[in-house]
Asker: 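Let me begin by handing over the structure; questions about it come next.
In what follows, chains carry the letters A, B, and so on, assigned in the order in which the sequence lines appear, proteins first and then strands, with residues in each chain numbered from 1.
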Amino acid sequence: MEIQLTQILFQAINFLAVTGALAYLLYKPVLKVFDERARRIEEGQKAAEEALKSRDEIDQLRGEAQTKLKKERSKILQAAQEEGEERKAQILAQAKEQVKAELEIMRSDWQKEKAQLLRDTKQEMIEAVVSATQSVATKSFSSKEQAKMAEVELSNILKTL
Amino acid sequence: MTINASLTSAIQLDKKVIQDLEKSLKEKYKTDTVNLTTHIDPEVIGGVKLVINSVEYDATIRGKLANLRSQLMASL
């Protein structure tokens, strides 16, 4: 095989022409596609990072909200318990006062009833004693004693005149 | 001046007792006229009740018992 310099030159020029044409026609669009792709990947990464960051922020906010919620709940519970205790104490105090007042009324009524009962009993005893004495006295004196008694009493009356 | 007197007793009293009473009343009130009426009431039990011109002197057992009863009742 014989090497022909012209042929080699032609091939070289042809190669250079094709290479130049390709470089001119394809290099920039391909480069642009690569750049575009790299840019999109970078944007995707940024978006992913942003999303991760947002998720972290959301998690943090959620945590803070839950902590705040717990504190609020605890405060509300404590306030409710305190109010409940206060109300309980008030109700107990009121109940004690009512019971005390009712007991006082009952005691007073009982004392009155007792006093009345005692009075009634004494009255009945007096009536019984007087009645018994009268009954006994009616049967006890003879005519002679009656006459003597009358004379003595009459004498006493006359002394007072 | 006339004295109106009433004497109540459980039994009939001796006349002398009544006469003595009339005499005593005349002397006490310095009068010659005493209208004395006597009553028998067994309910008085014993003693006498003398009423002189509407003034009552109760010395009967019944009256004393009533007085005792009133005093006891008043002490309650």
Asker: Side-chain heavy atoms under 4.5 angstrom apart, residues restricted to Ile, Leu, Val, Met, Phe, Trp, Tyr: same cluster for A:Phe141 and B:Leu68?
Answerer: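 In one cluster: yes.
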Asker: For A:Gln146 and B:Ala10, which heavy atoms make the closest approach, and how far apart are they?
Answerer: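 The pair with the smallest heavy-atom distance is OE1-CB, 3.8 Å.
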Asker: Tell me the residues of residues 51-66 of chain B whose non-hydrogen atoms fall below 4.5 Å from those of chain A, in number order.
Answerer: B:Ile52, B:Tyr57, B:Ala59, B:Ile61, B:Lys64, B:Leu65
Asker: Could you tell me which of B:Ile11, B:Asp14, B:Asp20 has the largest number of non-hydrogen atom pairs under 4.5 Å with chain A?
Answerer: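 Among B:Ile11, B:Asp14, B:Asp20, the one with the most close pairs to chain A is B:Ile11.
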Asker: Do you know the tightest heavy-atom contact between B:Gly47 and A:Glu153?
Answerer: CA-CG, 4.0 Å
Asker: Tabulate, in ascending numerical order, the residues of residues 33-44 of chain B having at least one heavy atom closer than 4.5 Å to a heavy atom of chain A, or enter 'none'.
Answerer: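 The residues closer than 4.5 Å to chain A amount to none at all.
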Asker: Please say whether more than 12 non-hydrogen atoms of neighbouring residues, nucleotides or ligands are located less than 6.0 Å from NZ in B:Lys26.
Answerer: yes
Asker: Do B:Val48 and A:Met149 sit in the same hydrophobic cluster, where Ile, Leu, Val, Met, Phe, Trp and Tyr count as joined when their side-chain heavy atoms come under 4.5 Å apart?
Answerer: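 The answer is no; the residues belong to distinct hydrophobic clusters.
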Asker: Just verifying a value: how many Å separate B:Glu27 CD and A:Leu158 CG, rounded to the nearest 0.5 Å?
Answerer: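 Answer for the CD-CG pair, B:Glu27 versus A:Leu158, is 10.0 Å.
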Asker: Nearest 0.5 Å, please: how far is CD in A:Gln123 from CG in B:Leu72?
Answerer: 11.0 Å
Asker: Starting at CD1 of B:Ile45, measure out to CD of A:Gln134 and round the result to the nearest 0.5 Å.
Answerer: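 Rounded to the nearest 0.5 Å, the CD1-CD separation comes out at 4.0 Å.
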Asker: Indicate yes or no: at least one non-hydrogen side-chain atom of B:Leu25 is less than 4.5 angstrom from one of A:Leu161.
Answerer: yes
Asker: If you round to the nearest 0.5 Å, how far is OG of A:Ser143 from CD of B:Gln12?
Answerer: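 So the CD of B:Gln12 and the OG of A:Ser143 are separated by 11.5 Å.
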Asker: In Å, rounded to the nearest 0.5 Å, how long is the span from CD1 of A:Ile126 to CD of B:Gln71?
Answerer: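 One finds 11.0 Å between CD1 of A:Ile126 and CD of B:Gln71.
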Asker: Counting only heavy atoms from other residues, nucleotides and ligands, does the tally under 6.0 Å from CD of A:Glu83 exceed 12?
Answerer: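 No, because the 6.0 Å sphere around CD of A:Glu83 holds 12 heavy atoms or fewer from other groups.
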Asker: More than 12 heavy atoms of other residues, nucleotides or ligands under 6.0 Å from CZ of A:Arg37: yes or no?
Answerer: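 No.
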Asker: Return a table of donor-acceptor pairs under 3.5 angstrom between the side chains of residues 57-79 of chain A and protein atoms on other chains or two or more places apart.
Answerer:
unit_1  : atom_1 : unit_2  : atom_2 : d
A:Asp59 : OD1    : A:Arg62 : NH1    : 3.2
A:Thr67 : OG1    : A:Gly63 : O      : 2.8

Asker: Side chain, backbone, both or neither: which part of A:Leu154 has a non-hydrogen atom closer than 4.5 Å to chain B?
Answerer: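 Both backbone and side chain.
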Asker: Who among A:Thr160, A:Val152, A:Thr138, A:Ile157 has the most heavy-atom pairs with chain B under 4.5 Å?
Answerer: A:Ile157
Asker: Would you please test B:Met73 and A:Glu127 for side chain to side chain contact (heavy atoms under 4.5 Å, CB included) and show each step?
Answerer: CA-CA 9 Å; B:Met73 289 293 189; A:Glu127 295 287 358; 3.3 Å; yes
Asker: About how many Å separate CG of B:Leu76 and CZ of A:Arg119, when rounded to the nearest 0.5 Å?
Answerer: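 A:Arg119 CZ to B:Leu76 CG: 8.0 Å, rounded to 0.5 Å.
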Asker: If you check every heavy atom in residues 20-28 of chain A against those of chain B, which residues fall under 4.5 Å?
Answerer: none
Asker: Above 12 or not: heavy atoms from other molecules or residues under 6.0 Å from CG of A:Asp35?
Answerer: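 Yes.
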